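Working notes, beginning with the structure itself.
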Amino acid sequence: MKIVSNLLENIEGIQIYYIIGLLIFFVLFIVIFIRTMKRPNKEMEDIKNSILEDNDAEKIVTS
Amino acid sequence: MENQKFYYDNKIVKLFLLATIIWGVVGVIVGLLIALQLAFPFFNFGLEFTTFGRMRPLHTNAIIFAFVGNAIFGGVYYSLQKLLKARMFNDTLSKIHFWGWQLIIVLAAVTFVFGISTSKEYAELEWPIDILITIVWVIFGWNMIGTLVKRRVQHIYAAIWWYLATFLGVAILHVVNSLALPISLIKSYSIYAGAQDAVVQWWYGHNAVAFFLTTPFLGLMYYYLPKAANRPIYSYKLSIIHFWSLIFLYMWAGPHHLLYQALPDWAQALGVTFSIMLIAPSWGGMINGLLTLRGAWDRVRDSAVLKFYVVAVTAYGMSTFEGPMMSIKTVNQVTHFTDWTIAHVHIAGMGWNGGLVFGMLYWLIPRLFKTKLYSEKLANTHFWIATLAILIYAIPLYWAAITQWLMWQEFTPEGFLAYPNFLETLTQILPMYTIRIIGGTLFLTGFLLMVYNLFKTMATGSVEANEAAEAPALVLQGARNPLSETVHRWMERRVVRFSIWVFIALAIGGAVEIIPMIFIKSNIPTIDSVKPYTPLELEGRDIYVSEGCYTCHSQVVRPFRWETDRYGEYSKIGEFVYDHPYQWGSRRTGPDLARAGVITGPMYKNAAWHYNHFMDPQKMNEQSIMPNYAWFAKNEINLDMVPNKIRAMQTLGVPYPEGFDKIAVDDLMQQAQKIVDDLKVSNIDIEPTKQMVAMIAYMHKLGKDISPPPIEIVEPETTEQTQEIELLSGEEDLAAAKAIFTTTCVVCHGADGKGIATFPDLTDDEWLTGSSPSQVYQSISNGNIAKGMIPYKNQYSENQITQLTSYILITLQDENSK
């Protein structure tokens, strides 16, 4: 019985899945990273703080 | 802008939180039960309904889908309304969601107890319940997206992206993995076979961890952690980057559950690559969580809520580092099939999921009931007990994993396995299982403290079912103004488009993994000698599947010498083409069974052995922890279903000849009769239609097709015994022999050598092949395959066999004559 190994080489064009997948990831990652970093900090602060601006925040009991 | 009045729906939140608490207690108790079963098989209670194989899926499903599931829904329904300044989209949908989900849980519990299971880990439910899950899940998504559409805020906060990803991720995973061909209301066959099924299942299994235990909890973290700490999240930019990276990468990593197994190399490599990459976005979440507490650490000292969050986020960081490490192949050979995985999931489950849920409950219930927590001190006690419990649970299991792995792969200087009997490696770690019970008990104790504390809290307040609030209506902005708005910002306020992008990010990874596996034929090289299961073997396999045997027994031999020596030839991808579903398993509490039917192999046991073993495993070996399956001898197989099953298999592409369904029952009865006759030789009477017969047939099928045809059994030639054996009467020799005898030979011959059931007495004068030292030596060395004894010359050195011969002829005979 033939030992089945190194299937990667037996499937034609299989590496294209890898390459396309990784390319999509890295391109998107770079785009998202740059765009996110360019966003104004003020806007980020506003969003972050927005969730604390309701009644819940005042009621916090810590002990 | 005029303010609009509206009401938050708090009642639905309360219902989900109550369900969380109740199912949590149930799930932890069942967990404790199965921990007891593993240390003391008595706790299987000798009932078919309470065996480990049926209880283990009950525990995992109760924890994941009942406890964690209800906590997610409760947490989402509260935070979503507050974040969007809107009531849930539709009260009826909310109610259907709640009651539908509880119905699913009850149905799951009942079906598992009655042995109705597809055996696909964390997706064991049968098809009617799967359909119900799909419907309820779509209602959840509909309700959530509906609320998003009618929201009163412009921006969709980070927590909600995770909720959306959860909805979409689980929907894709559940539907693809559950595709099956029903043959009755309670039985279906997975449409995937063998390696394909394994890939789809672990694509699901791994991503169930991602999209049920990670993404919703990151969402909950992004809301409840800042709220409890009264600090905004550390970095919103980080949350955007790690969100997109995490949801994109997770989907690719599934095959790391199948390393060294019968899966193409490319798929394994893919899984490993993306698993390692996952560390970065996972730690993005951890860092964001922990750094949110900067400047608030003084409050952590007093607040149980914050303490639970700290442990949760830390456990998340640990697990998401450990996970990628475990998917490195060399590490994986240690962690896979051992208790390492069990420890790993409990660090994540008890620490990350448990911690966040406990923190959330302690914070949310007083707010919901408009009161103070009954006892902060009790909550702090719960925290310390739970944290200690996690350590006492996990550390012994890491220890057990290393111990067992070292024992599995240890060889003697002669080149034989040092522990050829699997049971030795298990007996060694049973003390660790006992310590684990202490961990589990502590965790349950803490949990019950919380239940008491929370119910006391609830008694002092009341829920305002419809809480009044007001907020200005949202004026939808039109097209993006490129000067004032970035693309991401614009996308975030377009909820449907945002969802589509999430869906695409998820779909790419899944597609890369699954499309080549299923559509490229050359992925599965067929092996000519592998034949479809006979109707009787198929019946046996269905019993194996429904009993959850996969929870302890794997069926895939990895290509290591220490595995091939122990079990036989390593598994090939083409062996599994008729397996709907695959049964490779993920933990070896018992030995691998992939070669149980290879007559000349080390795993073969004859029909009488299997019969006796199923009836009472502890009689065969006192130290065994397998539950007994005595009802196999009582329960009938359902002959009416046989033709249906064959036709279903044909539909799925199994090449039975045309019209085979009509003669399937006859075929089954013929094969069953052979086994019945075989058992009769050993004075065992059983009817051919009993489940026991089917199970024996299935055991004997495993690996049979790829093994060389059984050689003619040649009676040992008595004339050829030229080799004289000198008995070794030294104390050391006899002690060494006793060690082997009490781990290996006892299984059939008993500790006193008098034989169990129909297996021969070694202390009397009846010897099939003679009782001279050289004849006994030959009997051990060559075995007696027809009677179920394997040739031990493949497992023990000549010296060891001589020692054994001496032990039998000196010690046992002496003891007997006393």
Side-chain angles (χ1 to χ4, degrees), chain A, chain B residues 79 82-83 85 153 155 157-159 222-223 226-228 230-233 235-238 240-241 244-245 248-249 252 262 264-267 269-270 273 277 299 302-303 305-306 366-367 372-373 376 469 486-489 505 508-509 511-512 515-516 520 522-523 525 527 529 572-574 706:
Chain A
M1 196 179 311
K2 193 176 164 249
I3 291 169
V4 180
S5 63
N6 295 332
L7 276 163
L8 185 54
E9 292 151 28
N10 298 340
I11 302 170
E12 262 179 66
I14 191 74
Q15 60 273 42
I16 201 76
Y17 282 89
Y18 257 133
I19 295 165
I20 292 176
L22 282 169
L23 270 180
I24 295 173
F25 173 72
F26 283 115
V27 168
L28 275 181
F29 182 83
I30 292 163
V31 169
I32 290 173
F33 186 82
I34 293 171
R35 289 213 165 250
T36 308
M37 284 305 160
K38 280 166 73 180
R39 289 172 70 168
N41 282 335
K42 172 78 178 64
E43 181 196 332
M44 299 282 100
E45 292 298 322
D46 290 347
I47 298 170
K48 273 156 62 171
N49 287 313
S50 68
I51 71 157
L52 299 172
E53 293 159 3
D54 57 27
N55 299 334
D56 279 342
E58 293 152 18
K59 280 186 280 177
I60 285 175
V61 182
T62 52
S63 62
Chain B
S79 57
K82 296 275 172 164
L83 286 170
K85 296 201 184 341
V153 291
H155 178 72
Y157 181 69
Y222 272 105
Y223 181 77
K227 287 298 245 183
N230 205 11
R231 288 269 186 296
I233 197 77
S235 164
Y236 205 73
K237 288 181 177 174
L238 179 57
I240 297 172
I241 294 166
W244 287 104
S245 314
F248 189 92
L249 292 178
W252 301 63
D265 277 351
W266 68 264
L270 186 83
T273 315
M277 286 167 72
R299 300 237 310 279
D302 302 319
S303 159
V305 173
L306 289 181
R367 264 155 200 79
K372 273 186 71 174
L373 186 63
E376 187 75 30
T486 62
V487 174
H488 194 91
R489 193 82 176 79
I508 293 171
V512 172
I515 290 172
I520 300 180
S522 60
N523 255 322
I527 301 172
S529 61
K572 321 288 185 301
I573 198 166
I706 64 120

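The structure displayed is predicted, hence computed values, not measured ones. All chains are named by letter (A, B, ...) in the order of the sequence lines, taking the proteins before the strands, and each is independently numbered beginning at 1.
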Query raised in the report: Roughly how far, to the nearest 0.5 Å, is CG of Leu28(A) from CZ of Phe248(B)?
Result: 6.5 Å

Query raised in the report: Checking Lys237(B) side chain against Arg39(A) main chain: does a donor-acceptor pair fall under 3.5 Å?
Result: yes

**Report entry** Distance-minimising heavy-atom pair for Pro232(B) and Leu52(A)
**Finding:** N-CD1, 3.5 Å

**Report entry** Main-chain N/O of Ile51(A) paired with Lys82(B) side-chain donor or acceptor, under 3.5 Å
**Finding:** no

**Report entry** Euclidean distance, Ile32(A) CD1 relative to Trp244(B) CH2, rounded to 0.5 Å
**Finding:** 6.0 Å

Requested in this report: Under the side chain to side chain contact (heavy atoms under 4.5 Å, CB included) rule, what do Ile241(B) and Met37(A) come out as? Steps first, then yes or no, please.
Outcome: CA-CA 9 Å; Ile241(B) 294 166; Met37(A) 284 305 160; 3.9 Å; yes

**Report entry** Part of Leu249(B) lying under 4.5 Å from any heavy atom of chain A
**Finding:** side chain

Report task. Determine the option with the most heavy-atom pairs under 4.5 angstrom with chain A, choosing from Val153(B), Leu238(B), Ile233(B). Result -> Ile233(B)

Requested in this report: Calculate, to the nearest 0.5 Å, the distance between atoms CG and CG belonging to Leu270(B) and Leu22(A) respectively.
Outcome: 8.0 Å

Query - Portion of Phe29(A) that has a non-hydrogen atom of chain B nearer than 4.5 angstrom - result: side chain

Query raised in the report: Which atoms of Leu83(B) come close to chain A, meaning under 4.5 Å heavy atom to heavy atom: side chain ones, backbone ones, both, or neither?
Result: side chain

